[in-house]
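Note that the structure is a prediction, hence the values are computed from the model and not measured. In what follows, every chain begins at residue 1, and chains take the letters A, B, ... in the order their sequences are listed.
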Amino acid sequence: MRSNWIPIALLALISGCTRSTDVTEFTYSPEVNVFAFFILNNQQKIIHIEESYRVTDYVPENRGISDAEVMVQSKNQQVRFIHRVNGYYEEEAALLNLVEGETYHLHIQMADGRRVKGQCTIPHPPEIKTPQLHNPVHAYSALEIEWAVQVPARRYEISVRGNISGYSAQAGTDSLQMSFYPFLLAQPDIYVLKVTALEQNYYDYTRVGEDHPPIFHLEGAMGVFGAISYDEVIISAQ
Amino acid sequence: MSKLSPVGILCLFLGVFAAGTGFPQKPNNSVSGFVRDSDSGEPLPYANVYLQETGYGALANVRGYYVIPGVPDGVYRLTISLLGYASWTEEIILSAAQDLIRDVRLQSTPIEMGAVTKTAERERFEREVQVSHIGLSLRQLRTLPSLAEADVFRTVMLLPGVVGRSDFSSQLYVRGGTPDQNLVLLDCVTVYNPFHLGGVFSTFNVDAIKDLEFQSGGFPVEHGGRLSSVLSIINREGNSQAYHGSGGISLLAARALFEGPIPGGSALIAVRRTYFDQLFKGTDYEFPYYFYDFQGKVNFDFSHAHRVTLSGFYGDDVLDFSTEGDEEQVGVDLDWVWGNRTSSLAWRWIARPDLFTEVHLTRSRFDNQLTSMLETSGQASVRLFNRITDWSGKADINFFGVKNHAIKMGCVYSDLDFTYAFTLDQYPLFDYQSNPHLLAGYVQDQWSLSSSLRMNTGLRIEYYSAGQRWQYSPRLSMQYHVRPDLALKISAGKYFQYLATVASEDQNFSIMDLWLPITSRYQPQGADHVVLGFEWWLPYDLILTGEGYYKSFDHLLDLNEQGSFADTNDDFFVTRGHARGIEWLLKKSAGKLQGWLGYSYSITQRTRHEQTYYPKHDRRHALYGVANWEFSPGWVAGAVCSYGSGLPYTPVPGKYTHFEWDLDQNVLRSALYDRIGAKNSARYANYFRTDVSVRRRGHLFGMEATPYLQIINLFNRDNVFFHFWDHDSNPSRLTTIHMFPFVPTLGVDFAF
């Protein structure tokens, strides 16, 4: 009887000490990764194109794609973007005019024939109503903020930054007003209060979380074609 | 019926009583009473009670109560037997519709091999319909190797059909279900968060436990409100004969139990506290956390027919620490307390020998309060509070007056109160309150159609106030004895659940479950069970069971971690799914060598937004070997061997540069992010762990003392908890977090 246990014990010992590989091998084909981002207030346009990587790949310092054909189209304009440096593209000649509420179409043709399409609508800029300029607010208490807008955006991000203390905080909301509780930790100072409107594409892009697939609104690529607009005021906290 | 009035509820309870006492009484004799242990006075469940050389007999219930109804006039030899106890026999004379009461105390004896007495388990097999049901003995709970403290949940996790996702959590995934689908009852009171230390330990002190039953599916209509399983723990009543104490000291905790007689009854108290917060105070390893729990039970026997029992469980986890703040880091002073409080007032009334009634008034409360001071340039207090309060009234009537029928009926009313509050200083950031009610009534009949065929049919009707929903749960179980030692079993039924935990199935770890009532926006979660199997009693007290099951789920809620805070419509994903599998169990629960070998093959799938995937607890193969062996007088060795095929995870085949505009600094920032693959489409390496223990019973300072040594993960196997890619190094590096390494622990149990 005893001899019957020996092979079982040995088997248990061997399987107990065996280490199997932790990760299954995967095949992954790199995708086009586009970051196209417009800021209404300063008419800033950022278009960057690169590829994603296999997780085990070495990522080079300069990794942009330089030979793509990039075109942005609106109701009244069609502007070609050309490569400047390290995957960043800028208008070739005529400047693209960003208009609130207007929809823009992005077309990218890669050198290998792959095509990318996307569209985005510039959000209407918020107008901060409360707190008002020159009206001091209370430090160490929640800051009541209200803003008005012609057409509400998908999301608003509120941020403050202290001039002397360097204290900064940020919070988001779907509404047009907010009790900004992080201001409970704000000491007397001069602050820049900023309310930024995010349109749907950019908001979804920023919601990427662990183990949750990000939501991209692009055809033929990962990434985003998004836009923001903002309003900011200087406030004094006492 | 928009709201249930107290009068309506009272009428319902009275109606159930009236229905119970109105059962027909036959003009025959009956014999009834309680079977107890002669040394402790504790009831002995499932003793075999019979009149020799007749077909009359009964099985004592979990309270030790038996009744043999409908006995004709005559002279009989009443015999009561149970393995481990000397049989008791008395000649009785019955005449003139007599209700003879015989309370019997059995004397424990060493087990004699070849004796004709049977184990309680065998008695139940022969007389009841039990599908997917397993009872665990105290010896099995106490002698299996564990991390410092014997643990109910860790032992249940070794049964076929039960999956544990990691060494760091005792949460049970039963036949494809999630942990919130398990009904955990302590003395008939629902316990909402039965864990300490974020799930590493269960809240139940094994010293106080008398009986533990686990049903992994097909459970009868007396239980409701959960989809997957029932774990019922009955605490001991306390020694009614003499004062006793016991306790233990381990590397983690110290515990003590005292019990003894009181006028008219018995009492028991058990306490436990961890002390590593004290041991490592002032050192680099200081961990300002501890938990304690207290359990008590008092019984008063006013007469043979009336008993009142008060019981309670009180336990807290406490985490208290502070960190200094600086210009970049917020200073924190944290005080976090969470714990369960359960109380139960039970009245047992034997209205007639064939009418066994129990009424429970219970309260179960879970509190979680986190208070923190945040300090940078200013100071603010943060308070996070949630509370679940469950006030329930429950009445159960067992009627044994109809030959070949065991009828059980009852009702339960639960008033549930949920509070979630989050305040920053005096500002309420979040304040949620909900107060739904749940009313349920059930009736079931175990009908012995012949000596070999038994059928248990039942119907449970539930009313849930949120959404004003009525749900009907018919359930059926059958057991057919092909031979006296071999039975075929089948069970099917519908199940509903009205509460869910705020949890994502993707999370690897949760400190506690946050329960929420299902609002009128969502359908109650539902499941259908079908179980088919057999139970075969082999020589040498070996039991072989095999079961196949299919379980479908509908309207399951899974937390949407990316949901918008302001949008209540996207808080949860509604999923459906199914689980199917086969389970084998070879068990030996008597003799010097006890234990089991279990194997399960299961497939669990969920479907969300028409995408079907395997949830993170989908373990395809699980194999367990559990043994405890009294190899020499006073010496007991224990071993647990667990093997499980890899659990699913979402792979990261790629990575990409994620850009984000810094709204505050007006600069573009970028970082490498995971490019994840299909949900849960890869699997971790197989799990394997071997634990061993040895115990030696002896005497120390005049007390019975049992020192023990336990080793967790004897072979120091690197079992994967989870892994992630560190993109800070180039190329990215895989970092793996492992589960428990080789951990030896020791301790001593004592009794006086």
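Side-chain polar atoms of A:T206 and B:E660 form no donor-acceptor pair below 3.5 angstrom.
Residues B:W661 and A:Q44 meet the side-chain proximity criterion, which asks for heavy atoms closer than 4.5 Å. With contacts defined as side-chain heavy-atom distances shorter than 4.5 Å, the pair B:L668/A:F37 does not qualify.
Looking at A:Y58, both its backbone and its side chain come within 4.5 Å of chain B, counting heavy atoms on both sides. Residue B:Y673 touches chain A through its side chain alone, counting heavy-atom pairs closer than 4.5 Å. Heavy-atom distances place both the backbone and the side chain of A:S141 under 4.5 Å from chain B. Looking at A:S168, only its side chain comes within 4.5 Å of chain B, counting heavy atoms on both sides.
Shown here are the ring pair (Phe, Tyr, Trp, His ring centres under 6.0 Å) partners of B:Y687, two or more places apart in sequence or in another chain: there are none.
A distance of 11.0 Å separates OG of A:S179 from CG of B:L424, quoted to the nearest 0.5 Å. Rounding to the nearest 0.5 Å gives a distance of 7.5 Å between CG of B:N666 and CG of A:N42. Expressed to the nearest 0.5 Å, how far CD1 of A:I158 lies from CG of B:L663 amounts to 10.0 Å. The CD1 atom of A:I46 sits 9.5 Å away from atom CZ of B:F659, with the distance rounded to the nearest 0.5 Å. With values rounded to the nearest 0.5 angstrom, B:T423 atom OG1 is found 10.0 Å from A:Y181 atom OH.
Taking every heavy atom of both residues into account, A:V55 and B:K655 meet most closely at O-NZ, 3.1 Å. Nearest heavy atoms, B:N730 versus A:D57: OD1-O, 4.1 Å.
Proximity of the aromatic rings of B:H658 and A:Y205 is defined here by a centroid distance below 6.0 angstrom, and this criterion is met.
Using non-hydrogen atoms only and a strict 4.5 Å limit, the part of residues 222-233 of chain A facing chain B consists of A:M222, A:I228.
A 6.0 Å sphere centred on CZ of B:R733 holds no more than 12 heavy atoms belonging to other residues, nucleotides or ligands.
Ranking B:G677, B:P731, B:S670 against chain A, the residue ahead of the rest is B:P731, based on heavy-atom pairs under 4.5 Å.
Between B:T657 and the options A:E50, A:E51, A:H48, a side chain to side chain donor-acceptor pair (under 3.5 Å) holds for only A:E50.
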